[in-house]
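Worksheet: one structure, shown below.
We number each residue from 1, following the sequence as shown. Heavy-atom basis, side chains included; hydrogens, waters and symmetry copies ignored. All ligand and atom numbering here is 1-based and tracks the order in the structure.
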Amino acid sequence: MGEMERLDVTECTRCPDLADCRSRIVNGVGPADADLLFVGEGPGKNEDERGEPFVGRSGTVLDDALQAAGLARADVRITNCVRCRPPENRDPRTGELDNCREYLEREIDAVEPTVIVTLGKVPSEHLLGRDVGVTGEAGDTFDCDIAGETRPVMVSVHPAATLYDRSQKETFESTIQRAADLMGSGGQSTLGSF
Ligand code: URA
């Protein structure tokens, strides 16, 4: 079994409400040794149907910003805090985030990304463990203790926010550009020893 398949959750009923409603579990995609790991909130309708994170309108926004920054979706890893679609697209509950945390930590440990970019308030607060004002803190990177390791986490607004607010589009694109710049042109990090 390859590294990527090993990271896949194939069966889980820890959150009965989510397990009842989902079409499928949506695992992370992208190289298991990616330098950049994007973490979203949880699957929406499109993701639940297709079994891949960020494949709806938010995914198009992310893909476009990656492309503008000289990256392709295939270069990065993309995952979510919870792997099952919350009904009516509500925010995942604290207990659901907690139940899925082990899978996310396992993925982060295996991928060992140079930078984790949190897409929106829910993943930012989940990984930073505090209240986050995503617009004000977008593009800032914080050292974060995740499962006993210090990991750099860059806050971003959620790509969906750009669909309603033009200024969020600029914020989002410059955050993605900043994350790409940290990788350097050859995919090498400029973050020092991380
Ligand atoms: N929004 C998210 O946070 N994650 C997805 O996978 C899609 C939309």
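With no hydrogens or angles considered, a side-chain donor-acceptor pair links Q177 and D181 at under 3.5 Å. No side-chain N or O of D143 forms a donor-acceptor pair with one of T150 less than 3.5 Å apart. Side chain to side chain, E107 and T79 meet the donor-acceptor criterion of an N or O pair below 3.5 Å.
Residue-level contacts of ligand 1 at the 4.0 Å heavy-atom threshold are G40, E41, G42, E47, P53, F54, N80, H158.
Counting heavy-atom neighbours within 6.0 Å of R106 CZ, excluding the residue itself, gives a total above 12.
Partner E96 forms a salt bridge (Lys or Arg N to Asp or Glu O under 4.0 Å) with one of R90, R83, R22 and no other, that one being R90.
Seen from the ring of F142, R130 counts as a face-on cation partner, given the 6.0 Å and 45° thresholds.
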